[in-house]
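Quick note on labels: first sequence line is chain A, next is B, and so on, each numbered from 1.
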Number of protein chains: 2
Amino acid sequence: MGKDAVIKGQISNNIRKLRFASDEMTQKELAAKVGVSRQTIVAIEKDHYPPSLALAFMIAHVLGEPFQDVFSYKPAD
Amino acid sequence: MGKDAVIKGQISNNIRKLRFASDEMTQKELAAKVGVSRQTIVAIEKDHYPPSLALAFMIAHVLGEPFQDVFSYKPAD
DNA sequence: ATACTAAGTCAATTATTTTTGACACATCAA
DNA sequence: TTGATGTGTCAAAAATAATTGACTTAGTAT
């Protein structure tokens with residue numbers, strides 16, 4: 001019931017950094033390229049909730065970075 | 001409306017193989033270790049739907065394999 | 001034959017992710 | 001000032017992931 005999703009372990013991402021590294025790509029452009037709404041990109045960048053696995057893969061692909069350079073996971077235990 | 005999820009690009013996984021490689025771990029055991037139901041593991045192994053990003057990370061972690069050795073993505077374009 | 005384990009399936013429900021549309025705010029250019 | 005762009009936020013709805021419980025099938029053991 002919390003506003004933000006709680007995960008076992010912690011997922012983080014570098015989308016924002018990599019977006020700027022990738023010719024200053026805007027949220028809107030990234031959203032269009034991966035086929036989701038701009039709000040979805042905002043939410044993911046700000047860790048309001050994690051992307052689906054498919055979306056995570058597409059984002060890494062569009063940013064031209066290996067998956068593990070975009071998303072990382074730190075186990076709880 | 002389709003029974004199985006359709007993704008842009010193709011996600012596949014080696015959970016089943018790695019489960020056996022990991023001391024013949026059963027679906028039930030894997031489910032318990034990652035904290036989901038057995039049916040969820042069945043569904044993911046059989047590609048009925050993809051796991052959430054968090055679950056994907058936890059599965060890789062429990063199987064003791066790098067993420068990219070468990071899940072792979074083949075872009076549509 | 002009976003029982004147990006592993007795996008698969010189905011339906012119905014709950015939880016989470018994603019969408020749309022609207023609005024706000026700051027920066028920059030005309 | 002006016003307009004455009006980039007970002008952030010909210011609420012309601014739609015789509016998808018995950019749950020529970022029940023049932024089936026195959027293999028293997030007692």
Student: Would you mind reading off the distance between B:L53 atom CG and D:dT16 atom C1', rounded to a whole angstrom?
Tutor: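 Rounded to the whole Å, the gap is 15 Å.
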
Student: Taking OP1 and OP2 of D:dT9, is either one under 4.0 Å from a side-chain nitrogen or oxygen of A:H48?
Tutor: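 Yes, A:H48 has a side-chain N/O under 4.0 Å of OP1/OP2 on D:dT9.
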
Student: Round to the nearest Å and state the distance from B:N13 atom CG to D:dA17 atom C1'.
Tutor: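 Checked: the CG to C1' distance equals 15 Å.
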
Student: Can you tell me the distance, in whole Å, between the CD1 atom of B:I44 and the P atom of D:dT16?
Tutor: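 These atoms are roughly 16 Å apart.
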
Student: Measure across A:P75 and B:H61 and return the closest heavy-atom pair with its distance rounded to 0.1 Å.
Tutor: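 So the two residues come closest at CG-NE2, 3.5 Å.
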
Student: For A:R19, which of A:E29, A:E24, A:E45 qualifies under salt bridge (Lys or Arg N to Asp or Glu O under 4.0 Å)?
Tutor: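 Of all the options given, the one that passes is A:E45.
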
Student: How long is the gap from CG on A:L30 to CD1 on A:I41, to the nearest 0.5 Å?
Tutor: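 A:L30 CG to A:I41 CD1: 4.0 Å, rounded to 0.5 Å.
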
Student: The test is side-chain contact (heavy atoms from CB on, under 4.5 Å); show your working for B:R16 and B:K46 and say whether it passes.
Tutor: CA-CA 9 Å; B:R16 195 168 188 98; B:K46 308 221 86 186; 5.9 Å; no

Student: Would B:N14 and B:F71 satisfy side-chain contact (heavy atoms from CB on, under 4.5 Å), going step by step from the backbone distance to the final call?
Tutor: CA-CA 7 Å; B:N14 288 33; B:F71 298 96; over 6 Å; no

Student: Taking atom C1' of C:dA7 as reference, at what distance in whole Å does atom CD1 of B:I15 sit?
Tutor: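 It works out to 15 Å between those atoms.
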
Student: Once you round it to whole Å, what is the distance between C1' of C:dT17 and CG of A:L55?
Tutor: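 Answer to the nearest Å: 10 Å.
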
Student: Looking only at non-hydrogen atoms, find the nearest pair between A:N13 and A:D47 and report the distance.
Tutor: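 Looking at all heavy atoms of both residues, the closest pair is ND2-OD1, 3.5 Å.
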
Student: Treat primed atoms plus P, OP1 and OP2 as sugar-phosphate and everything else as base, then score nucleotides 20-30 of chain C 5' to 3': B for base contact with protein heavy atoms under 4.0 Å, S for sugar-phosphate contact only, - for none.
Tutor: BBB--------

Student: Examine distances only and state if a side-chain atom of A:S22 and a backbone atom of A:M25 form a donor-acceptor pair shorter than 3.5 Å.
Tutor: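 No; judged by distance alone, with no hydrogens or angles, the pair does not exist.
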
Student: Pull out every residue in residues 19-31 of chain B that has a heavy atom closer than 4.0 Å to any atom of DNA chain D, ordered by number, or say none.
Tutor: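 Those residues whose heavy atoms fall under 4.0 Å from DNA chain D, taken from residues 19-31 of chain B, amount to none.
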
Student: Rounded to whole Å, please give me the gap between OH in B:Y49 and C1' in C:dT17.
Tutor: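 It works out to 14 Å between those atoms.
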
Student: Quickly work out the B:R16 CZ to C:dA6 P distance and round it to whole Å.
Tutor: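 Atom CZ in B:R16 sits about 13 Å away from atom P in C:dA6.
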
Student: Using whole Å, what does the distance between atom P of nucleotide C:dA6 and atom CD of B:E45 come to?
Tutor: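 Result: 14 Å.
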
Student: Which atoms form the tightest heavy-atom contact between A:L53 and B:P51, and what is the distance?
Tutor: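 So the minimum-distance heavy-atom pair works out to CB-O, 3.5 Å.
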
Student: State plainly whether one hydrophobic cluster holds both A:L55 and B:F67, where clusters connect Ile, Leu, Val, Met, Phe, Trp and Tyr through side-chain heavy atoms under 4.5 angstrom apart.
Tutor: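 Yes, A:L55 connects to B:F67 through the hydrophobic network.
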
